[in-house]
Amino acid sequence: MNVAGRPHRTLWPEPGSAAVAIIDQTRLPHEFAVLRLTTLEDAARAISDMQVRGAPLIGATAAYGIWLALVADAADGALQAAARRLLATRPTAVNLRWAVDGAVAAVQSLPPSARPAAARAFADRLAEDDVAVNRALGQHGLALIRRIAAQKPPGQPVNVLTHCNAGWLATVDLGTATAPIYAAAAAGIPLHVWVDETRPRNQGASLTAWELREQGIPHTVIADNAGGHLMQHGRVDLVIVGTDRTTATGDVCNKIGTYLKALAAHDNRVPFYAAVPSSSIDWTIRDGRREIPIEERSATEVTTITGRLADGRMGTVRLTPEGSPAANPAFDVTPARLVTGLITERGVAPATAEGLRALFPAQAPT
Ligand code: MRU
């Protein structure tokens with residue numbers, strides 16, 4: 001997508017060197033900074049420190065991390081250690097396991113001398129596939145938005161509410177939840193996006209707002225608690241969120257606060273969709289609330305806030321009293337019964353085991 005009018009991706013291998021460039025998302029929206037990853041440790045740290053974040057982008061970065069590891073040492077032990085290091089970075093997004101397992105499977109039967117090139121080819125393919133999958137999600141989501149637009153008075157915008165950042169910054173390009181929005185805008189459908197700020201890390205306020213502004217999509221940032229009120233007053237036509245892990249039965253794990261939006265949407269009969277690339281489906285589990293590991297992040301993300309100070313420098317200030325403990329579960333699980341549908345690259349499925357199986361018969365458990 002565009003940054004200052006020029007097309008960009010969130011990560012790209014640098015031509016002619018063993019290095020991957022990323023956009024440092026901890027500096028957005030105030031600064032657009034590009035970082036170079038040249039080692040396994042660089043890739044692992046970029047994921048755990050959330051310089052890259054969002055389930056699909058975590059997966060792509062990990063695949064390139066395996067490549068960088070093998071450039072330094074392509075022996076069996078180094079491959080296994082690289083996989084373990086990357087898998088330990090963040091626990092919730094299943095795309096990480098999917099990408100690391102895929103990269104290991106693509107190289108392990110090869111002689112060490114052939115492994116770096118094969119790992120690089122795997123990572124390049126994964127990155128390209130991510131964009132193609134998101135383009136398909138966009139087209140399937142566009143059909144939903146088109147139907148809603150057709151029921152509104154001509155010229156009235158479709159109001160979409162989204163949570164966190166499931167935009168192009170969470171993927172290699174296009175985004176998952178935002179792909180339908182970008183497709184609808186390209187199709188000339190008037191749109192407006194309610195952007196949940198998404199405390200505590202504010203991915204909505206910092207990242208989604210920035211990327212929508214860069215693409216010229218009308219949007220309004222709202223406090224996380226405003227969504228229910230807007231739905232009660234008919235000001236939200238549909239909700240589209242992303243996912244970090246969706247079960248084989250359609251339970252959707254996503255950024256903390258998503259569940260509350262789903263409850264409010266259900267109470268107000270607002271359609272609630274999750275954009276779910278199949279790389280985010282964990283076919284091995286059926287009960288999201290019990291089986292998905294929820295990342296606990298540092299309490300300082302709750303007790304402090306970082307932003308640009310009046311003098312232009314970045315600064316962090318304390319919000320809570322010294323001595324008040326804070327807890328920071330980073331994700332929650334929306335039960336399938338609250339989800340209107342799952343927008344996948346193969347079409348929109350009901351959030352049920354049968355619905356997913358109909359679209360993915362080879363992957364779904366019987
Ligand atoms: O903690 P993050 O920023 O990596 O979490 C990302 C999210 O939860 C996104 O909202 C998302 O929907 C998954 S990525 C498309």
Side-chain angles (χ1 to χ4, degrees), residues 1 10-11 22-26 28 46-62 89-96 98-99 130-131 133-134 137-138 141 160-182 193 195-212 224 227 239-246 251-262 272-282 288 292-298 301-302 328-334 339 342-345:
M1 302 302 292
T10 52
L11 92 170
I22 59 160
I23 299 169
D24 181 355
Q25 300 195 20
T26 61
L28 289 171
I47 297 171
S48 18
D49 292 353
M50 295 180 66
Q51 289 166 323
V52 290
R53 28 70 48 207
L57 183 56
I58 289 171
T61 308
T89 50
R90 295 196 69 193
T92 301
V94 75
N95 306 57
L96 177 62
W98 168 82
D130 178 69
V131 182
V133 161
N134 296 338
L137 293 177
V160 183
L161 183 143
T162 193
H163 191 69
C164 193
N165 175 264
W168 75 273
L169 291 169
T171 66
V172 177
D173 206 352
L174 291 176
T176 57
T178 54
I181 291 167
Y182 295 136
V193 184
V195 179
D196 281 354
E197 61 177 349
T198 319
R199 276 285 288 154
R201 284 189 70 98
N202 295 310
Q203 290 96 327
S206 308
L207 303 177
T208 306
W210 180 79
E211 69 164 82
L212 292 174
D224 289 322
V239 179
I240 310 181
V241 298
T243 184
D244 296 83
R245 192 184 298 224
T246 286
D251 291 344
V252 173
C253 179
N254 194 50
K255 182 54 55 190
I256 194 77
T258 302
Y259 172 46
L260 289 175
K261 294 301 140 73
F272 181 97
Y273 288 94
V276 183
S278 59
S279 55
S280 297
I281 301 174
D282 186 342
I292 297 179
I294 300 295
E295 179 177 13
E296 282 283 342
R297 293 192 60 88
S298 165
E301 292 181 354
V302 176
N328 189 8
F331 299 93
D332 60 25
V333 174
T334 298
V339 178
L342 305 172
I343 307 169
T344 79
E345 66 269 31

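For ligands, and for the atoms within them, numbers begin at 1 and follow the listed sequence.
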Query raised in the report: For residues Arg53 and Gln203, is any side-chain donor paired with an opposing acceptor at under 3.5 Å?
Result: no
Query raised in the report: Any heavy atom of Asp244 sitting closer than 4.0 Å to ligand 1?
Result: yes
Query raised in the report: Out of curiosity, is Ala330 lining ligand 1, as in a heavy atom under 4.0 Å away?
Result: no
Report task. Specify the protein heavy atom at minimum distance from atom 15 (C) of ligand 1: its residue, its atom name, and the distance to 0.1 Å. Result -> Thr176 OG1, 3.3 Å
Requested in this report: Output the list of atoms in ligand 1 that are nearer than 4.0 Å to some heavy atom of Gly242, sorted by atom number.
Outcome: 12 (O)
Query - ligand 1 contact by Arg90, heavy-atom criterion under 4.0 angstrom - result: yes
Report summary line: Any heavy atom of Asn165 under 4.0 Å from ligand 1? The part involved is backbone
Query raised in the report: Are Glu197 and Arg199 close enough for a salt bridge, meaning some N to O gap below 4.0 Å?
Result: no
Query raised in the report: Which protein non-hydrogen atom lies closest to atom 11 (C) of ligand 1, naming both residue and atom, and how far is it?
Result: Asn254 OD1, 3.1 Å
Requested in this report: Return yes if some donor-acceptor pair links the side-chain N/O of Asp244 with the main-chain N/O of Thr92 below 3.5 Å, else return no.
Outcome: no
Query raised in the report: Which residue and non-hydrogen atom of the protein lie closest to atom 5 (O) of ligand 1, and at what distance in Å?
Result: Lys255 CE, 3.4 Å
Query raised in the report: Hey, is Met50 one of the residues with a heavy atom under 4.0 angstrom from ligand 1?
Result: yes
Report task. Decide whether Thr198 and Asp196 meet the rule of one side-chain donor and one side-chain acceptor closer than 3.5 Å. Result -> no
**Report entry** Atoms of ligand 1 close to Pro56 [distance to a heavy atom under 4.0 angstrom, numbered from 1]
**Finding:** 14 (S), 15 (C)
Report task. Can you pull out the closest protein heavy atom to atom 10 (O) of ligand 1? Residue, atom name and distance to 0.1 Å, please. Result -> Cys164 CB, 3.0 Å
Report summary line: A student checking ligand 1 against Ala55 at a 4.0 Å heavy-atom cut-off should list atoms 14 (S)
Query raised in the report: Can you find a side-chain donor-acceptor pair between Asn165 and Thr208 that sits under 3.5 Å?
Result: yes
Query - Minimum side-chain heavy-atom gap Val276-Thr176 below 4.5 Å - result: no
Query - Val94 side chain reached by Cys253 side chain, heavy atoms, under 4.5 Å - result: no
